[in-house]
There are 2 protein chains.
Amino acid sequence: MTDHSPQSGFCCTDHSGAAHTAAILAQAETRARESGVRLTPVRRRTLEILLEAHGALGAYEVLERLSAEGYGTQPPVAYRALNFLVENGFAHRIQRLNAFTACVHPARDHRAAFLICDRCNSVTEGCADSFSQAMIEAASAVGFQLERSTIEAVGLCSACAGKPA
Amino acid sequence: MTDHSPQSGFCCTDHSGAAHTAAILAQAETRARESGVRLTPVRRRTLEILLEAHGALGAYEVLERLSAEGYGTQPPVAYRALNFLVENGFAHRIQRLNAFTACVHPARDHRAAFLICDRCNSVTEGCADSFSQAMIEAASAVGFQLERSTIEAVGLCSACAGKPA
DNA sequence: CTATCTAACGTTATATCATAACAGTCAACA
DNA sequence: TGTTGACTGTTATGATATAACGTTAGATAG
Ligand SMILES: [Zn+2]
Ligand SMILES: [Zn+2]
Ligand SMILES: [Zn+2]
Ligand SMILES: [Zn+2]
């Protein structure tokens, strides 16, 4: 149920358990130390908030929680922390939802793809390394030097697919 | 230079020539007639505006042009026309840019992928039917019923890759 | 131990993107 | 010819994101 190895394609939806949260947070801290970036209190708390969330969170939702806990109350506070997390591989931005989600395997370099449920808005991160490689090659065939890709799929998660419309 | 067949992967960047514009517009009109949707003046003009543009256009850019030509002056005018075009396969939305681009082959059913140049903001539409199929299968392996995907790649177009930074 | 520097944080103000809600128009048609 | 429904337009507002600037606090050089 909980295979985060890079070849596994899409993985499970449930990343909100406390065990996962703690483990992922620990990985993130290790990686931050190794790469010399500072996982400051706001940044760390923002990552925790994302990890505790069931789906992706909008910047203003994150801001609400942060300001309720005594951090800054204005949008840049949330956007700065979130952008830091995204730029350093601790979180991903979900374009379709204008929202952010914690990376489920921040310890390794990877290309991600996302499965977004139309019904319950759950977001599942999967590994898109092979898709990305194929796209880099297809793009290069027309002279385009591909740097990074956004892959977001919309449909029904397994939980919602079972239920009636 | 101008192969729009569905197997060709990414195709050329230059779709702004008058010949292309006219041909694509004609295809769109044919398809609209066939599928019983109404390509009204605002909608048709909006599609022309997208076709004439070199890259993707934001809704407010489209609105500027429309209102300068005597159409409505308020955002819903542009958003309604653009949403109509997207829903009916005449245009695509580029999530990363909050912008819209005319579909280069509105005559056929297809899954699109986009190559977005970081430097000049050009947008190239390519065919992603095979990627999409592969993703549907990968998603189905974890019980996700995939409906549609957004695939957007960022990098340097062939024109910009040659130039100095 | 100070002076200086800089990354990070916080604020105010504003820009940018998008939609809700409702009124007028007009062609289709019972 | 009255009704209907799709379309276009408006006003008003909501949602997302950033620019610009002052403050704080840890790091480093003197
Ligand atoms: Zn990730
Ligand atoms: Zn679901
Ligand atoms: Zn297309
Ligand atoms: Zn370019």
Side-chain angles (χ1 to χ4, degrees), chain A residues 29 32-33 35-50 53 55-88 90-101 121 150 152, chain B residues 29 32-33 35-50 53 55-88 90-101 116 121 123 150 152:
Chain A
E29 289 199 308
R33 223 174 304 117
S35 51
V37 299
R38 292 174 50 195
L39 199 54
T40 61
V42 218
R43 291 169 176 175
R44 192 196 140 106
R45 185 64 195 126
T46 300
L47 180 53
E48 281 176 5
I49 287 169
L50 292 181
L57 292 181
Y60 282 73
E61 292 176 293
V62 170
L63 179 60
E64 255 180 66
R65 289 161 173 71
L66 286 176
S67 70
E69 297 175 20
Y71 294 100
T73 62
Q74 302 303 315
V77 170
Y79 280 102
R80 277 198 291 243
L82 290 165
N83 288 336
F84 168 87
L85 295 174
V86 169
E87 276 159 23
N88 291 280
F90 302 121
H92 298 283
R93 180 179 202 128
I94 309 296
Q95 307 264 6
R96 174 171 297 270
L97 304 176
N98 289 323
F100 301 82
T101 189
N121 264 336
T150 298
E152 297 178 5
Chain B
E29 290 200 306
R33 222 174 303 118
S35 52
V37 298
R38 292 174 49 194
L39 199 54
T40 61
V42 218
R43 292 169 174 176
R44 190 195 141 107
R45 185 64 195 127
T46 299
L47 179 52
E48 281 177 3
I49 287 168
L50 291 181
L57 292 181
Y60 281 72
E61 292 175 294
V62 170
L63 179 60
E64 254 180 65
R65 288 162 176 73
L66 286 175
S67 70
E69 297 175 20
Y71 295 100
T73 62
Q74 301 305 312
V77 169
Y79 280 102
R80 279 199 291 243
L82 289 166
N83 289 335
F84 168 87
L85 294 174
V86 169
E87 277 159 22
N88 291 280
F90 302 122
H92 299 284
R93 180 178 200 127
I94 308 297
Q95 307 263 7
R96 175 171 294 272
L97 304 176
N98 289 324
F100 300 82
T101 188
I116 303 166
N121 265 337
V123 174
T150 298
E152 297 178 4

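Computed from a predicted model, the values in this text were never measured in an experiment. The sequence lines fix the lettering, A, B, ..., with proteins before strands; numbering per chain opens at 1.
With D:dT10, C:dT11, C:dC9 as the candidates, the nucleotide lying closest to the side chain of A:Val42 is C:dC9. Looking at the side chain of B:Gln74, the nearest of the listed nucleotides D:dG9, D:dT11, C:dT12 is D:dT11. When each of C:dC9, C:dA7, D:dT18 is scored by its nearest atom to the side-chain atoms of A:Arg38, the top-ranked nucleotide is C:dA7. For A:Arg43, the side-chain atoms get nearest to C:dC9 when compared with the rest of C:dC9, D:dC7, C:dT19.
Atom CG of B:Leu82 and atom P of D:dT8 are 12 Å apart (whole Å). Rounded to a whole Å, the CZ atom of B:Arg96 is 15 Å from the C1' atom of D:dA17. Taking atom CZ on B:Arg93 and atom C1' on C:dT19, their separation rounds to 11 Å, with Å as the unit. As rounded to whole Å, 8 Å separates atom P of D:dG9 from atom OH of B:Tyr71. Nucleotide D:dT8 holds its C1' atom 16 Å from the CD atom of B:Glu69, rounded to whole Å. Per the geometry, CG belonging to A:Leu97 stands 11 Å off P belonging to D:dA17, to the nearest Å. In this structure, the CG atom of B:Asn83 is 14 Å from the C1' atom of C:dA20, given to the nearest Å. Rounded to a whole Å, the CD atom of B:Gln95 is 20 Å from the P atom of C:dT16.
Using a 4.0 Å heavy-atom cutoff across all strands shown, A:Arg45 reaches no nucleic acid atom at all. Residue-level contact check: A:Arg44 touches neither bases nor backbone, having no heavy atom under 4.0 Å from any strand.
Remark: B:Asn98 is in phosphate contact with C:dA18, judged by side-chain N or O atoms under 4.0 Å from OP1 or OP2. Between B:Thr73 and the phosphate of D:dT10, there is a side-chain N or O to OP1/OP2 separation shorter than 4.0 Å. Taking side-chain N and O atoms only, B:Arg80 has no distance below 4.0 Å to OP1 or OP2 of D:dG9. Between B:Thr40 and D:dT8, a side-chain N or O to OP1/OP2 separation shorter than 4.0 Å is present.
For B:Tyr60 against C:dA15, a side-chain-to-base donor-acceptor contact under 3.5 Å is absent. No donor-acceptor contact under 3.5 Å links the side chain of A:Tyr79 to the base of D:dA19.
Side chains of A:Arg65 and A:Arg45 form no contact here, defined as non-hydrogen atoms less than 4.5 Å apart. At least one side-chain heavy atom of A:Val37 sits under 4.5 Å from a side-chain heavy atom of A:Phe90. The closest side-chain heavy-atom distance from A:Tyr79 to A:Tyr60 is below 4.5 Å. Residues B:Glu152 and B:Val123 form no side-chain contact, since every pair of their non-hydrogen atoms from C-beta on lies 4.5 Å or further apart. Residues B:Thr150 and A:Arg96 are in side-chain contact: their nearest non-hydrogen atoms beyond the backbone lie under 4.5 Å apart.
The residue among A:Ala59 and B:Phe84 whose nearest nucleotide of DNA chain D lies closer to the 5′ end is B:Phe84.
Inter-axis angle, ends of the helix from C:dC1-D:dG30 to C:dA30-D:dT1, five pairs per end, rounded to 10 degrees: 20°.
Here A:Arg33 does not pair with A:Glu29 in a salt bridge; the nearest charged N to carboxylate O distance is not below 4.0 Å.
When each of B:Ile49, B:Ile94, B:Leu82 is checked for a side-chain contact (heavy atoms from CB on, under 4.5 Å) with B:Leu57, only B:Ile49 meets the rule.
Taking A:Ala91 as the reference, A:Leu50, A:Leu85, A:Val86 meet the side-chain contact (heavy atoms from CB on, under 4.5 Å) condition, with sequence neighbours excluded.
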